[in-house]
Amino acid sequence: MVMVAPPSGGAGAILARWVFEPFAVLALAAAGSAYAAGMIRVRRSGGTMPRGAAVAFFAGLAAVAAALLSPVDAYADVSFSVHMVQHLILTMLAPPLLALGSPITLALRTAPPRAARAVSAFLRSGAGTLLARPVVGWLLFVGVSYAVHLSPLFDAALRSNGVHAFEHALWLSVALVYWWPMVGRDPSPHPVSYPVRLLSLFLAMPAMAFLAVAIYSASAPLYASYASLPAPWGPAALSSQRDAAVTMWLVGSLGFVLAMLIEAAAWKRDEDARQQRLEAREDAATERG
């Protein structure tokens, strides 16, 4: 853990505490470059890719950068409430944005034939089929949240940069598995119906709320690394822990409700479009008759 001194210059001092994580920078640059190159190839071939997809994907990369490189990461090691904000960005904000970018569709359209066949083969494989099932994504998303917060892994991540990087990768990858079939437009071996999406999102709310209540109800700091910090961090560990629980509950619930509203609106649009197609077919059949 790298000790961060309390900010003494107000908001300016806090916003100046950006960090440099080489692996995160390289991964973000590689993902952004690959997506941009795919967009260029689509346009050169005369095809189109929705502009909104590109905006969503790069917004997702920006969210990951904010979580891992900004002052959020700088203060996450000394404040559980800030650490919770980081986790929420990596699980509730960045993954759905990345999924809306339809990167798998872009890869299938623009990657070399061998790479495209490999991606397609994985989607049809046993692992790809399993991960596409919404119940698997839900269990991973909720299970990892409980396992990390209620096990020694969280405290170990505060003491080891390697474990901390693994924790971030775990959060992001599990959240991607959950959100991809919920909001993504990429091809899937198990397309998820809108009722199932809404049910999954609805059931995730109480599951995460129970975890937030468990964290808030603790009478002492759950993580020794926070409690052992010098002032002002250590003495405020319990208060920060409760702030983190409230943040998890409120922001998490708001995120799931917002996702449900978006999915309900998309369901209505799809149903309206389907009804219009049916009416157009009936009108055409009437004219022919």
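The basis for the numbers below is simple: all heavy atoms, side chains too, and nothing from hydrogens, waters or symmetry mates.
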Check this for me: [X], atom [atom1], are more than 12 non-hydrogen atoms of other residues, nucleotides or ligands nearer than 6.0 Å?
{"X": "Phe58", "atom1": "CZ", "value": "yes"}
{"X": "Tyr146", "atom1": "OH", "value": "yes"}
{"X": "Phe202", "atom1": "CZ", "value": "no"}

Are the side chains of [X] and [Y] in touch, meaning some heavy atoms are under 4.5 Å apart?
{"X": "Leu88", "Y": "Leu93", "answer": "no"}
{"X": "Pro134", "Y": "Arg197", "answer": "no"}
{"X": "Ser145", "Y": "Trp171", "answer": "yes"}
{"X": "Trp179", "Y": "Leu201", "answer": "yes"}
{"X": "Ser120", "Y": "Leu108", "answer": "yes"}
{"X": "Leu278", "Y": "Arg274", "answer": "yes"}
{"X": "Met84", "Y": "Val251", "answer": "no"}
{"X": "Asp73", "Y": "Leu69", "answer": "no"}

(request) Assess the pair His149 and His83: is the distance between their ring centroids shorter than 6.0 Å? (result)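 His149 vs His83: aromatic centres not under 6.0 Å.
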To the nearest 0.5 Å, tell me how far [X] [atom1] sits from [Y] [atom2].
{"X": "Arg109", "Y": "Ile104", "atom1": "CZ", "atom2": "CD1", "answer": "14.5 Å"}
{"X": "Glu167", "Y": "Leu158", "atom1": "CD", "atom2": "CG", "answer": "7.5 Å"}
{"X": "Gln241", "Y": "Leu222", "atom1": "CD", "atom2": "CG", "answer": "4.0 Å"}
{"X": "His164", "Y": "Leu68", "atom1": "NE2", "atom2": "CG", "answer": "8.5 Å"}
{"X": "Asp270", "Y": "Tyr194", "atom1": "CG", "atom2": "OH", "answer": "3.5 Å"}
{"X": "Phe256", "Y": "Ser200", "atom1": "CZ", "atom2": "OG", "answer": "8.0 Å"}

Grouping I, L, V, M, F, W and Y whenever their side-chain heavy atoms are under 4.5 Å apart, do [X] and [Y] come out in a common cluster?
{"X": "Leu258", "Y": "Leu250", "value": "no"}
{"X": "Val246", "Y": "Met92", "value": "no"}
{"X": "Met248", "Y": "Phe210", "value": "yes"}
{"X": "Leu203", "Y": "Leu198", "value": "yes"}
{"X": "Val135", "Y": "Phe141", "value": "yes"}

Using a 3.5 Å distance criterion without hydrogens, assess whether the side chain of [X] forms a donor-acceptor pair with backbone atoms of [Y].
{"X": "Thr110", "Y": "Leu106", "value": "yes"}
{"X": "Ser45", "Y": "Val42", "value": "yes"}
{"X": "Ser70", "Y": "Ala67", "value": "no"}
{"X": "Ser160", "Y": "Ala156", "value": "no"}
{"X": "Ser253", "Y": "Met205", "value": "no"}

Closest heavy-atom contact between [X] and [Y]?
{"X": "Leu61", "Y": "Leu28", "value": "O-CD2, 3.7 Å"}
{"X": "Ala237", "Y": "Pro221", "value": "CB-CG, 4.0 Å"}
{"X": "Ala207", "Y": "Val142", "value": "CB-CG1, 3.9 Å"}
{"X": "Ala218", "Y": "Arg242", "value": "O-NH2, 3.6 Å"}
{"X": "Ala54", "Y": "Met39", "value": "CB-CE, 3.9 Å"}
{"X": "Gly101", "Y": "Phe57", "value": "CA-CB, 3.9 Å"}

(message) If the threshold is 4.0 Å, N to carboxylate O, is there a salt bridge linking Glu271 and Lys268?
(response)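 No, no charged N to carboxylate O under 4.0 Å.
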(request) Output, in order, the C-alpha distance, side-chain angles, deciding distance and verdict of side chain to side chain contact (heavy atoms under 4.5 Å, CB included) for Trp180 and Leu131. (result) CA-CA 10 Å; Trp180 219 281; Leu131 292 176; over 6 Å; no
(request) Kindly determine whether Arg114 and Arg117 satisfy side chain to side chain contact (heavy atoms under 4.5 Å, CB included), including the steps that lead there. (result) CA-CA 5 Å; Arg114 180 176 296 180; Arg117 286 195 297 270; 4.0 Å; yes
(message) If only side-chain N and O atoms count, and only distance matters, is there a donor-acceptor pair under 3.5 Å linking Tyr178 with Thr91?
(response)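 No donor-acceptor contact under 3.5 Å links the two side chains.
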(message) Under a plain distance cut-off of 3.5 Å, with no hydrogens placed, do Thr129 and Arg133 share a side-chain donor-acceptor pair?
(response)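 Side chains of Arg133 and Thr129: no pair found under 3.5 Å.
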(request) Apply the test side chain to side chain contact (heavy atoms under 4.5 Å, CB included) to residues His168 and Leu90: give CA-CA distance (whole Å), side-chain angles for both, the deciding distance (0.1 Å), then the verdict. (result) CA-CA 8 Å; His168 290 160; Leu90 291 175; 3.9 Å; yes
